[in-house]
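Ligands are counted one by one from 1 in listed order, and the atoms in each one are counted from 1 as well.
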Amino acid sequence: MKISIKKILFIGLIIFLLMQLYQPARNIGFEQDITADFTKVYNVPKKVEIILRTSCYDCHSNNTNYPWYSYIQPARFLMESHIAAGKENLNFNEWGNYSSRKQNNKLDRIAKQIQSNEMPLASYTLIHKNATLSATQKKEVLDWINKIEDSL
Ligand code: HEC
């Protein structure tokens, strides 16, 4: 049997179109309880808040800013799985509902993730260039976390 390039492209196109049918619910919580948000629990400096909102909130809150390509599979699928796993581990919108033990633990984890360049995820900063943390931004967040931890 001869398999032509045309046939392969055609089958690829059908698979691509079928994938578009899978559109899971979006992470957009319009009626979220913002009183529990990280920025309401601590007195977060504006600079640090902007860094967290720009580089972390897409995966670690109840509201994601969806770019246009997020409507296209398989990007959508990857994004949604990152958001689900990210939120489960850490949700800045629900920080106030965490026990103080969990908060302390997560503050530590946040510092470690930033220090070791594990967060924000590399697959994310590849596309969201503005989410990449500069050395100065990293220091700003880490210094502030240290200060908060000392005051607890
Ligand atoms: C593209 C999505 C995405 C972005 C953006 C992102 N994360 Fe994550 N984060 C995840 C996922 C997914 C996990 C689950 C663990 C894993 O797969 O590594 C996670 C886990 C974590 C954890 C939990 C680790 C633990 O051991 O408890 C912390 C803390 C964290 N992220 C902090 C951050 C911080 C701080 C930022 C911003 C500087 C950030 N993340 C940005 C997706 C993301």
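A cation-pi arrangement is not found for Arg53 relative to Phe92, the charged atom failing to lie both closer than 6.0 Å to the ring centre and inside a 45° cone about the ring normal. Because its NZ or CZ atom is not both nearer than 6.0 Å to the ring centre of Phe10 and within 45° of the ring axis, Lys7 does not count as a cation-pi partner of that residue.
Scanning the protein for heavy atoms near atom 27 (O) of ligand 1, the closest one is Lys106 NZ, 3.3 Å. Of the protein's non-hydrogen atoms, the one nearest atom 12 (C) of ligand 1 is His82 O, 3.5 Å. Annotation: atom 11 (C) of ligand 1 to nearest protein heavy atom, Gly86 CA, 3.6 Å.
For the 3.5 Å distance criterion, the side chains of Asp58 and Tyr124 qualify, holding a donor opposite an acceptor. Trp144 and Tyr42 share no donor-acceptor pair across their side chains, judged by distance under 3.5 Å alone. Side-chain contact check for Lys106 and Asn89: no donor-acceptor pair (N or O, by modelled atom type) lies under 3.5 Å. A side-chain N or O of Asp37 and one of Thr39 form a donor-acceptor pair less than 3.5 Å apart.
Across the listed options Glu118, Lys102, Arg109, Arg109 owns the non-hydrogen atom lying nearest to atom 25 (C) of ligand 1. Distances from atom 23 (C) of ligand 1 to the heavy atoms of Asp58, Asn89, Asp108 put Asn89 nearest. Comparing heavy-atom distances from atom 36 (C) of ligand 1 across Cys59, Cys56, Ala85, Pro120 singles out Cys56 as nearest.
For His60, a nitrogen or oxygen atom sits less than 3.5 Å from a nitrogen or oxygen atom of ligand 1, counting backbone and side chain alike. The shortest N or O to N or O distance between Ser55 and ligand 1 is not under 3.5 Å. Looking at ligand 1, you won't find any N or O of Gln113 less than 3.5 Å from one of its N or O atoms.
Judged purely by atom type and a 3.5 angstrom limit, Ser70 has no side-chain atom pairing as donor or acceptor with the backbone of Tyr66. With hydrogens and angles disregarded, no donor-acceptor distance shorter than 3.5 Å links the side chain of His60 to the backbone of Asn91.
For atom 4 (C) of ligand 1, a protein non-hydrogen atom is found at a distance below 4.0 Å. In this structure, atom 17 (O) of ligand 1 has its sub-4.0 angstrom surroundings free of protein heavy atoms.
With a cut-off of 2.8 Å, atom 8 (Fe) of ligand 1 has an N, O or S atom of Met119 in range.
Under 4.0 angstrom from ligand 1, the non-hydrogen atoms of Leu90 all belong to its side chain.
When all heavy atoms of Thr125 and Pro120 are compared, the pair lying nearest together is CG2-CG, 3.7 Å.
Using a non-hydrogen distance threshold of 4.0 Å, Leu121 registers as a contact of ligand 1.
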